[in-house]
Structures are given as C-alpha cells and as structure tokens.
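The block underneath contains the structure these notes are about, expressed in structure tokens.
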Amino acid sequence: VIRGNEVWPESRIRLHKRISKDGELDEVEMLADQFRLQDISQLLLKTKLLPRSQHKRLQQMQPQGEVRNLNLQVRTKNDEFIAPFFMQAEFEQLAIRPSGKLPGINGTNGTVWTNSEQGHVNIHSSYASFDAPTLFRAPLKLQQLNGVLHWHKQPQGWQFLADNIQASNFDLKTVSSLQLDIPATGASPYLDLQVAFREGNASQASSYFPVLIMGKPLVKWLDQAIIGGQVKQGGAIFNGRLSDFPFKQQQGHMLVEFAGKNVELAYYPGWPRLTKADANVEFTSKGMAIEATNARLLNSQVSRATINITSFASPQLEIKGRLKGSVNDIAQFLVESPLAANASNFVKQQRIEGKAITQLQLHIPLSEKMRKQAPMGLQGETRISDGALYLLDERLDITGINGIVQFTESGQTARDIQGFILGEPAEFNLSTEEVDTEAVINITAAAHLDTAKLLDSIGGGSSGERIKGMSDWQALV
C-alpha cells in the first residue's frame with residue numbers, strides 16, 4: 001500500500017465487517033501484524049467506519065506510532081460504540097496530540113489490553129513526553145516512564161488505578177499512584193493522587209508548575225524567585241473533584257512539600273538574594289510557606305527566615321528573618337533595595353566595619369489589588385556592635401559605634417548611638433526626611449574634640465599653630 005510518498009510496512013491485515021439488516025454498520029473486526037497508526041488513522045478518516053464523534057476525535061488526536069499484533073473488535077449502534085468491545089496490541093513510539101481535556105503523549109512504548117468492562121496499559125518508555133496544555137506551559141520531557149494503568153467499569157462510571165508509575169528526567173525522579181473516578185453522569189472526575197519525588201533541580205521548577213490553574217501574580221513571583229538549588233526529597237497529594245479545585249470551601253485537599261539544599265531565592269526584584277539555604281517548602285491550594293535555615297544574605301548568616309503567602313486569592317508576600325553578620329552587609333542590603341537606593345554612592349565610597357544582628361519583617365503585595373490595599377512595608381532593627389566608619393578617604397574615623405538602628409519602608413531612625421570621633425566620645429542620631437519626593441538620611445553627631453586635629457582631618461590645612469584646645473562640636477550630614 002502506498003500513501004503519498006510513503007509505503008506501508010509489509011504486514012498481514014484482516015478486516016471483517018458485518019452490516020445489520022437496517023443497513024447501519026454493526027460490527028468490525030481487525031487483525032494486523034504490524035502497521036503505522038498514522039496510516040490507519042488516515043484510512044479511517046476517509047471511510048465511514050467510525051461514528052461521527054469518534055471521527056472528529058481522531059482528527060484532533062492525530063495518532064502516530066508503530067502498532068504490532070493488533071486484535072480489534074468493535075460494534076456500533078446509533079453512531080456510538082457499544083459492548084462488546086475488545087482490543088489487544090503492542091505499540092512503540094506512540095504519539096497522540098492533546099484533545100479537549102485529554103492530555104497528549106509522545107514516544108511511549110508498551111502494551112494494551114481492554115474490553116468494554118476493563119483493561120490495562122503497560123508502559124515502558126525512554127525519552128517520552130507528556131503534554132497537558134490545560135495545565136502546563138510546555139510538554140514535560142521524560143527520560144524514563146514505566147508503570148501499569150488499570151481501568152474497569154463500575155455502576156457509577158469508570159475507575160482508573162495505578163500503583164507504581166515511575167518517571168524521571170534530568171530534573172526529577174518520581175514515583176506515583178492514583179485513583180481516578182469518572183462518573184457516568186458527566187459530573188467532574190474525582191482524583192486521588194500521591195507523588196513522591198527526589199533528586200530535583202530547583203532551577204527548573206517553573207517547568208512543573210500547573211501555571212494555567214494558578215494566579216498570574218503567583219506564577220510571576222515563582223518564575224523569578226526560585227533561582228537554583230537541589231530538591232532532596234518531597235511529595236505531593238491531590239484529593240478531590242477536579243472542578244472543585246482550589247477547594248475554597250474545603251471540598252478537597254492539595255499539598256506539595258519538599259526539602260531543598262543550597263536553595264537560592266530572589267524573593268523580590270532588586271533586593272540581595274538569599275543563597276545557600278536549607279529550605280522546607282509547602283504549597284497548599286490556599287497558600288505557600290517556605291522556611292529557610294543556614295542561609296546567606298550577602299556575607300551574613302541567616303539563621304532562620306520564613307517566606308509566606310497566606311492566600312493565593314489575595315497574594316501578599318510576608319518575609320521574616322534574622323541576620324547575623326557585618327554592618328557593611330546591612331548597609332549594602334538597604335542601598336541595593338528600594339529603601340535607601342539614594343545612599344548607594346555614599347556607602348560604596350566609605351569603609352564600614354563592625355558586627356550587626358538584624359531582625360526584619362517585609363510584606364510585599366503581589367497583585368495590583370493588594371498594592372492598593374496594602375503597599376509594600378518593612379519593619380526592622382539592627383543592633384550594631386563595635387562598628388566603624390572611615391570618611392574622607394579615611395582621614396576622619398568614627399569608631400566604637402554601638403547602638404540600635406530602626407528602619408521601615410519610610411527610612412531609618414536611631415537615637416543615642418554611642419561611638420568615638422578621632423578617639424573622643426561622641427553621640428549620634430539618625431533620621432529620614434523627604435526632600436523632593438526622595439528620602440534623605442540625616443546623621444547628627446555631637447562630641448568634645450581637639451579642634452586643630454578635627455580641622456586637619458576634614459581638610460582645614462595645617463592649623464596647629466593657629467588653633468589649639470578642645471571644644472564642643474555638632475555636625476549634620
């Protein structure tokens with residue numbers, strides 16, 4: 001047989017049909033050693049062997065692949081398949097395009113046996129793909145796919161069962177079990193799914209998000225937030241009717257949780273990233289929670305941080321953390337964020353030393369609705385120990401700085417910070433004011449200083465012969 005420029009593979013095919021007395025097709029039997037699905041599907045589409053509904057479905061699915069040892073027996077009545085029905089076959093490189101709510105597959109190998117009451121498919125494939133355009137942005141590519149899916153007819157509909165479906169690729173290894181009940185009434189299917197996974201690549205996580213049933217603000221945040229890391233192990237559970245998701249009335253349950261290592265999070269654009277974190281991540285149908293420990297922010301240690309979205313319906317990012325490190329890191333954190341960006345040049349031009357312990361709490365709206373209700377907010381404080389600031393090309397040193405600096409989204413404040421200017425005790429206050437829509441940081445200092453030494457430090461020339469003695473000084477920067 002030649003179709004276009006293609007020659008059918010050599011095969012033995014037996015086709016038998018029986019017409020009922022009223023002239024409608026009643027029964028078809030087909031036996032075949034070997035054939036290509038694309039050849040047979042084109043042949044069926046050019047005949048009237050299929051009911052109209054199945055003819056349309058076949059056009060949409062465009063099946064391809066090699067089929068061997070086929071035994072097919074079907075009957076129709078009133079343009080629909082009816083019992084009894086039987087099919088048995090082996091297949092290689094099976095490919096079916098998505099059709100309606102049904103997903104597509106590509107590159108699968110296995111065997112199938114089914115009749116009008118029950119059946120099973122045994123899949124053992126390499127380099128297969130799974131295409132569910134109603135869930136994922138792109139087909140999921142698999143290096144291995146193995147398992148058995150059973151189905152049987154019940155009085156209330158069809159039930160599909162699988163106990164040990166194994167799938168893996170370069171990003172993830174999974175073992176899954178499921179029960180899918182499809183009611184005969186046409187009601188929404190009920191899915192009970194459990195998935196265990198390990199050896200995951202967090203940098204590819206966005207490929208596995210069911211983005212088409214997730215809110216756009218959440219998808220946007222997840223896409224830019226999860227930069228890298230390894231998923232040691234985790235699991236997923238889905239239990240409920242598909243139409244009830246995301247289970248706003250507690251009609252079902254969805255949970256994804258996993259433990260990660262060396263996780264890198266860009267929790268908000270422009271802010272310094274959280275790196276090298278051990279992270280426990282949990283997603284439910286309502287919200288998300290991340291707990292990170294042993295992480296780094298710049299060169300500071302983050303002993304514990306939590307990143308939560310309580311409600312996907314009203315998405316707002318809540319971040320709490322405790323940092324232990326250097327004063328310079330905290331200064332870099334503030335100027336690299338939108339909070340004190342105008343102080344960036346000042347921080348880069350000075351040498352800053354000392355230890356700091358910082359507590360902070362952020363809330364960041366992720367949708368336009370939430371930005372109107374609750375704009376971005378920040379609260380925190382930094383406890384400085386033995387800090388030092390070297391100004392004017394290190395001609396003027398402020399050392400022994402100890403005290404607490406508080407900060408919010410509006411700016412920074414501090415009172416009664418203690419330190420030394422040129423070796424003499426000094427007191428500092430810090431405040432923020434808005435000038436021409438920009439936040440300007442004011443630092444005031446008071447000290448009893450050697451006047452000649454101070455003037456020499458700030459560039460007043462050689463004044464030792466003309467000015468001598470101690471005096472009280474106040475400065476505003």
Side-chain angles (χ1 to χ4, degrees), residues 261-268 270-280 289-308 317-341 343-344 346-348 350-364 376-391 397-421 425-432 439 441-445 477:
K261 184 178 181 181
N262 291 323
V263 175
E264 182 174 350
L265 290 174
Y267 48 89
Y268 197 71
W271 293 58
R273 294 175 178 178
L274 199 67
T275 62
K276 299 180 180 180
D278 293 334
N280 291 313
I290 301 175
E291 181 177 348
T293 57
N294 302 321
R296 307 292 295 182
L297 185 70
L298 299 175
N299 293 313
S300 293
Q301 180 182 2
V302 181
S303 56
R304 183 177 182 270
T306 58
I307 303 172
N308 297 328
L317 196 65
E318 300 283 351
I319 302 174
K320 295 181 181 179
R322 183 178 188 272
L323 290 71
K324 184 177 181 181
S326 68
V327 179
N328 185 65
D329 272 2
I330 297 304
Q332 290 291 337
F333 170 78
L334 292 174
V335 300
E336 289 185 21
S337 74
L339 300 174
S344 177
F346 175 82
V347 170
K348 291 178 180 179
Q350 319 307 327
R351 181 158 64 96
I352 303 173
E353 297 179 349
K355 299 177 181 179
I357 296 176
T358 301
Q359 302 273 2
L360 62 84
Q361 181 174 345
L362 278 159
H363 62 265
I364 302 170
M376 185 179 72
L378 169 68
Q379 290 182 326
E381 66 173 35
T382 296
R383 184 178 296 273
I384 301 173
S385 301
D386 198 23
L389 177 61
Y390 299 91
L391 306 172
D397 58 82
I398 304 173
T399 58
I401 302 172
N402 292 279
I404 297 175
V405 177
Q406 296 177 326
F407 48 87
T408 69
E409 69 279 1
S410 301
Q412 298 79 47
T413 59
R415 293 187 62 83
D416 303 329
I417 300 291
Q418 303 299 310
F420 296 87
I421 299 177
E427 185 174 283
F428 305 89
N429 293 311
L430 184 149
S431 63
T432 304
I441 302 172
N442 297 319
I443 303 174
T444 60
V477 179

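For the atom pair OG of S300 and CD of Q332, the computed distance is 10.5 Å after rounding to the nearest 0.5 Å. Rounding to the nearest 0.5 Å gives a distance of 7.5 Å between CG of L297 and OG1 of T275. The OG1 atom of T358 sits 12.0 Å away from atom NZ of K324, with the distance rounded to the nearest 0.5 Å. Atom CZ of R383 and atom CG of N402 lie 10.0 Å apart (nearest 0.5 Å). The distance from the CD1 atom of I307 to the CD atom of E318 is 11.5 Å, given to the nearest 0.5 Å. If you take CD1 on I401 and CG on L389, they are separated by 5.5 Å, rounding to the nearest 0.5 Å.
Closest approach of M376 and Y268 over heavy atoms only: SD-CE2, 4.2 Å. The nearest pair of heavy atoms linking A295 to A277 is CB-CB, 3.5 Å. Of all heavy-atom pairs spanning I417 and A414, the tightest one is CG1-CB, 3.8 Å. Between G400 and D386 the shortest heavy-atom distance is CA-OD1, 3.8 Å. A pairwise comparison of heavy atoms in E427 and D416 identifies OE2-OD1, 3.3 Å as the closest pair. Between I357 and R322, the shortest heavy-atom distance links the atoms CG2-NH2, 3.7 Å.
Annotation for Q379: atom CD does not count as buried by contact number, only 12 or fewer foreign heavy atoms lying within 6.0 Å.
Here the side chains of F428 and I421 are in contact, with some heavy-atom distance below 4.5 Å. Looking only at side-chain heavy atoms (C-beta outward), Y390 and I398 stay at 4.5 Å or farther from each other. Using a 4.5 Å heavy-atom cutoff, the side chains of E264 and K276 are not in contact. Residues Q406 and Q412 are not in side-chain contact: their nearest non-hydrogen atoms beyond the backbone lie 4.5 Å or more apart. No side-chain heavy atom of V263 sits under 4.5 Å from any side-chain heavy atom of D278. Contact check for R296 versus Q301: side-chain heavy atoms found under the 4.5 Å cut-off. Considering only heavy atoms from C-beta on, I404 stays 4.5 Å or farther from T382 through its side chain. Side-chain atoms of D329 and L323, non-hydrogen and from C-beta on, never get closer than 4.5 Å to each other.
The backbone N or O of T306 lies less than 3.5 Å from no partner atom in the side chain of N308, so there is not a single donor-acceptor pair. Using a distance-only test at 3.5 Å, with no hydrogens or angles considered, no donor-acceptor pair links the side chain of N429 to the main chain of A445. Checking side-chain atoms of N328 against main-chain N and O of E353 turns up no donor-acceptor pair under 3.5 Å. At distances below 3.5 Å, at least one donor-acceptor pair connects side-chain atoms of Y267 with backbone N or O atoms of P272.
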